[in-house]
Amino acid sequence: MHEFRTHTCGQLRKSDVGQTVRISGWINSVRDHGGVIFIDLRDHYGKTQVVIDPTKEFYRELERWRVETVVCFTGTVVARTPETVNPKLATGEIELVAEAMTVLGETEQVPFQVAKDEDVPESLRLKYRFLDLRRDDLHKKIVMRSRLIEELRRKMWSLGFTEYQTPILTSSSPEGARDYLVPSRVHPGKFYALPQAPQQFKQLLMVAGFDRYFQIAPCFRDEDARADRSPGEFYQLDIEMSYATQEDIFAILENLLTEIFPKFTTKKINAAPFPRIPYRESMDRFGSDKPDLRNPLEMIDVTEIFRNSGFQAFTKNVANGGVVKAIKVSGIAAGSNSQPRRFYDEMIKFAQESGAKGMAYIIWANGETRSPIVKFMTGNEIPELEAKAGIQDGDVLFFLADQKALVNSVGGKVITELGRRLNLINQDEFKFCWIVDFPMFETDEETGSLIFSHNPFSMPQGGMKAIMEKNPLDILAYQYDIVCNGIELSSGAIRNHQPELMYKMFEMCGYTREIVDEKFGGMINAFKLGAPPHGGIAPGVDRMAMLLADAPNIREVIAFPFNQQAEDLMMNAPAPVDMKQLRELRVIPVPQELKYEETFKKLLAEAEKVRAAEAAAAAMTAAPAQDTEAGK
RNA sequence: GGGGGCGUAGCUCAACUGGUUAGAGUGCCACCCUGUCACGGUGGAUGUUGCGGGUUCGAGUCCCGUCGCUCUCGCCA
C-alpha cells in the first residue's frame with residue numbers, strides 16, 4: 001500500500017465500500033462524542049469523515065487532536081446508514097473507519113480558523129497566506145484563476161497565436177510608470193529594469209515575422225495600489241498581431257471574451273460586437289473613460305436650453321463658456337420608489353463634496369414640477385427639457401452647471417452614486433464596451449506645450465497626411481480600451497510602424513531626432529528594416545479573474561499578493577540585504593531620511609563584520625588587504 | 001505626497017456622557033457524552049486596550065504625537 005494515500009479526501013464513494021484504503025490530509029474538524037470520534041479530513045480534493053474508536057491504541061499517539069494537524073489514516077470504507085448520510089459532502093454516503101493513524105505534520109495553535117467562515121484582518125491573512133489559501137473560498141478562487149489561464153492559452157492557440165517569452169531583465173522604459181530597477185554587478189552603476197509590459201519586445205516579434213504573438217506576461221510597475229490594482233506585479237494576456245486593423249483586434253477579443261467568460265460565470269454577457277464609444281462621447285455622457293454600462297444613467301447636454309434663460313446661475317455660466325448637463329432618473333418621484341426630501345439634500349451634498357458648487361433638480365410628479373429653481377425660469381425651459389430628456393411623470397432631472405471638465409468629472413461620480421443608492425446596477429451581468437478614438441495629442445496644462453495624451457507609439461488616424469494637415473488636437477489615434485462593468489481590462493493600439501511619421505510626431509512634442517534615436521533607437525531601427533503594420537492589446541489576467549470571481553479586490557485572486565505598501569508580509573519583502581551584496585553591486589545606501597537610520601546602522605554593523613572577517617582571512621593567508629570601500 | 005476610516009484576548013466584536021476587578025462568541029486547556037457533520041454540555045486559562053506623552057481624583061473612552069492596516073486623490077506611456 002502507498003505510504004501516504006491510496007485515495008484523496010474527495011474520492012471515495014459508495015462503490016468503494018469494503019475496501020481497505022489510506023487517506024492523508026488536514027484535520028478540518030473534530031467531533032468528540034466520548035465513545036466515538038468523528039474527524040473531517042480535508043485535502044485539495046474534498047473532505048471525508050473518519051470514524052475513530054477511542055479505545056484503539058493509535059488514539060493516544062496524538063496528544064492533542066487539533067485542527068490543521070496533517071495525519072494519515074488507514075481503514076475500511078463503510079457505507080453510512082441512510083439517516084447519517086451527509087448530502088452536503090460529495091463523500092457523504094461513506095465514512096472511513098480508522099484502524100491505524102500516522103501523524104505527518106503537527107500544528108501549533110493556528111492564528112485564525114481555516115474551516116470556519118470568520119472575518120480575519122487582511123494583514124494576518126497575508127502574513128499566513130498559506131493558511132488562508134487552505135480556506136475553501138480563496139482556494140477555489142486560485143484554482144479558478146489557474147483554469148482561466150488554461151482556457152486563455154487554449155483559445156489563443158486555437159486562434160492561431162503562439163506563445164513566446166520575452167526578457168524579465170531589460171532596460172528602463174523612458175515613459176510611463178516608475179520602474180523597478182535591478183543593479184548590474186558586471187556593469188557597476190548601471191541598472192536593468194523589470195518590464196512594465198513586454199511592449200517593445202512584442203512589437204519586435206512582429207518585425208521578426210512571427211505574425212501572431214501572445215504571452216501570459218508578468219508586468220512590473222512601481223505604482224501605488226488600488227482595489228483593482230495590485231502594486232508591484234501583475235499578469236496580462238499580452239497579444240500582438242501583424243497586418244491587423246483595429247476591428248481585427250476587436251473581433252479576436254470579442255471572440256475570446258464571449259467564449260471564455262461563460263465557462264466561469266452564470267452571469268449574462270452582452271453579445272458581440274460590443275458597443276464602440278468614442279472617448280470624447282464617453283466623457284460627455286458618463287464623465288469617465290471606463291463607464292459601467294450596467295448603470296442606465298447618463299448626462300444630457302442642456303446648455304442651449306439655458307443660454308437665454310431667466311435662471312441667472314445657469315445663464316451666466318453658459319455665457320462664461322460653461323455647460324449645463326442634466327442626469328435623468330426615471331420613476332423615483334412616483335409610487336413606492338418615491339424618494340424623500342433627504343435624498344435630494346444628500347445628493348447635493350455628495351455633488352458638492354465631489355467638487356461642484358451645487359446641484360439643482362426638478363421633480364415631475366402628479367402632473368406638476370417641484371423644484372427650487374423652476375420659479376426662475378422665464379421661457380420655454382420646462383417643455384424644452386421635457387422634450388429633450390423624454391420626461392414622464394415621476395422622473396427627476398439633476399443639473400450640474402460649470403466648466404465642462406468639472407461637470408463631466410462630478411457628473412460621473414453622481415451617476416455612480418445614484419446607481420449605487422437606487423440599486424440601478426444589475427449585479428448579474430457583464431457589460432463590455434470599447435472606448436475608441438482617443439486623442440493623439442493634448443496640451444500640457446502647466447507648460448501649454450503639445451504632449452502625447454496616451455501612447456506615443458500609436459498610429460494616428462489619417463497617418464502622415466493628418467499629421468501634416470490637421471490641427472494636432474483634432475487628430476485621433478487608433479488607440480482603444482476594453483472596459484467591463486466600469487473596470488478597464490486593457491488598453492491597446494494599432495502601432496505606428498513608420499519611422500518618419502514617428503520622428504515627425506515626436507518633433508511636434510519637442511523631441512529632436514537625436515533624442516528619439518537615443519530613447520527609442522532599438523525599436524525605431526527595427527522599423528527602418530521592414531516592419532509590417534501591427535497592433536495589439538493586453539487584457540489583465542488578474543482583473544478578469546477578479547470579475548469572474550466576483551471578488552471585492554484584486555488580492556483575492558492572487559495567491560501571494562503584496563499589501564498596499566508593496567510588501568510581502570509572509571516572506572518579509574522587501575528586506576535589507578547584507579553589505580557584502582551591496583558592495584558587490586556597488587550600491588551604497590545613503591541615510592537621507594530618519595526612517596532609514598536603523599537600516600543603515602544594521603548595514604554598518606554588517607560591514608564591520610565583513611571587514612573583520614576579511615582582516616582575519618587576510619592575516620591567515622598573509623595576503624595584502626583588498627579594497628576597503630565598505631562602510632563609506 | 002494629500003484626505004477618510006479603523007486599531008480592545010490567538011480571531012471576531014462589546015464596554016452609556018470619562019467612573020467597580022475591561023466582557024461575550026469563537027479558538028485554546030481539562031472533564032463528560034456511541035452518530036455527529038461549524039455536534040453538544042460543564043469548568044478553566046488568556047489583555048502593556050498599537051506605541052509615546054498630556055489633561056483629570058480617575059482614561060479603552062478626551063487632547064497631542066507616532067506607528068500599523070485599509071479605502072481613496074495624485075500616479076498607473
Side-chain angles (χ1 to χ4, degrees), chain A residues 28-42 47-55 63-68 78 80-89 91-92 95 97 107-128 131-132 136 172-179 196-197 199-200 219-232 234 290 353-355 409 413 438 440-442 451-458 477 479 481 488 490-493 495 506 509 519-520 538 540 552-553 555 563-565 567 569 594-595:
Chain A
N28 190 68
S29 58
V30 182
R31 293 179 293 280
D32 183 347
H33 288 254
V36 62
I37 295 159
F38 300 102
I39 301 269
D40 286 342
L41 201 66
R42 180 195 74 233
K47 284 185 276 193
T48 299
Q49 174 163 284
V50 179
V51 185
I52 299 169
D53 174 356
T55 61
E63 199 181 337
R64 292 183 189 86
W65 287 83
R66 269 194 191 142
V67 291
E68 300 313 314
V78 172
R80 297 202 198 185
T81 57
E83 66 276 14
T84 61
V85 163
N86 183 354
K88 285 193 281 183
L89 231 49
T91 60
E95 59 196 10
V97 176
T107 182
E108 298 174 1
Q109 178 172 356
V110 289
F112 54 85
Q113 296 303 298
V114 171
K116 298 196 174 178
D117 192 20
E118 68 174 3
D119 281 341
V120 180
E122 198 172 16
S123 53
L124 200 68
R125 292 176 53 203
L126 290 174
K127 184 170 179 186
Y128 297 95
L131 272 187
D132 197 22
D136 195 48
S172 177
S173 52
E175 312 231 2
R178 283 184 288 270
D179 283 316
Q196 296 182 24
Q199 184 63 41
Q200 299 196 44
C219 304
F220 307 88
R221 292 180 194 174
D222 185 5
E223 294 296 330
D224 287 345
R226 287 293 180 278
D228 65 352
R229 195 171 78 200
S230 192
F234 61 94
K290 40 183 181 178
E353 283 168 359
S354 303
S409 155
K413 288 174 188 158
F438 280 85
M440 191 77 226
F441 302 99
E442 63 188 36
I451 54 173
F452 292 107
S453 40
H454 295 276
N455 183 338
F457 306 109
S458 299
Q479 156 105 31
D481 284 357
E488 182 194 314
S490 175
S491 284
R495 323 296 175 188
F506 272 103
C509 291
K519 286 189 164 184
F520 313 109
N553 69 60
R555 294 181 294 279
N563 68 3
Q564 195 173 37
Q565 278 65 244
E567 298 167 302
L569 298 173
L594 198 61
K595 61 181 171 180

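Letters go in sequence order (proteins before strands), and every chain restarts at 1.
Contact annotation: Arg31(A) reaches the phosphate of rC39(B) (side-chain N/O to OP1 or OP2, under 4.0 Å). One finds a side-chain N or O of Asn563(A) lying less than 4.0 angstrom from the OP1 or OP2 phosphate oxygen of rC69(B). Side-chain nitrogen and oxygen atoms of Arg221(A) include none within less than 4.0 Å of the OP1 or OP2 phosphate oxygen of rC75(B). Phosphate proximity of rG68(B) to Gln565(A): absent, as no side-chain N or O sits under 4.0 Å from OP1 or OP2. Checking the phosphate oxygens (OP1, OP2) of rC71(B), a side-chain nitrogen or oxygen of Arg555(A) falls inside 4.0 Å. Dashed line: the shortest gap from a side-chain N or O of Arg125(A) to OP1 or OP2 of rC69(B) is not under 4.0 Å. Using a 4.0 Å cut-off, no side-chain N or O of Lys127(A) falls inside it from OP1 or OP2 of rC69(B).
Spacing between rC16(B) and rC57(B) at atom P, rounded to whole Å, works out to 22 Å. Remark: the separation of the C1' atoms in rU66(B) and rA24(B) is 32 Å, to the nearest Å. With both ends at atom C1', the span from rU49(B) to rU8(B) equals 4 Å, rounded to whole Å. For the P atoms, the distance linking rU61(B) with rC6(B) amounts to 14 Å, nearest Å.
Distance alone, capped at 3.5 Å, is enough to place a donor-acceptor pair between the Arg229(A) side chain and the Asp224(A) backbone.
Annotation: side chain of Arg42(A) is in contact with side chain of Glu68(A) (closest heavy-atom distance under 4.5 Å).
Partner assigned to rC39(B) is none, using Watson-Crick or G-U wobble distances below 3.5 angstrom. The nucleotide rU26(B) finds its pairing partner in rG10(B), both defining distances of the Watson-Crick or G-U wobble pair being shorter than 3.5 Å.
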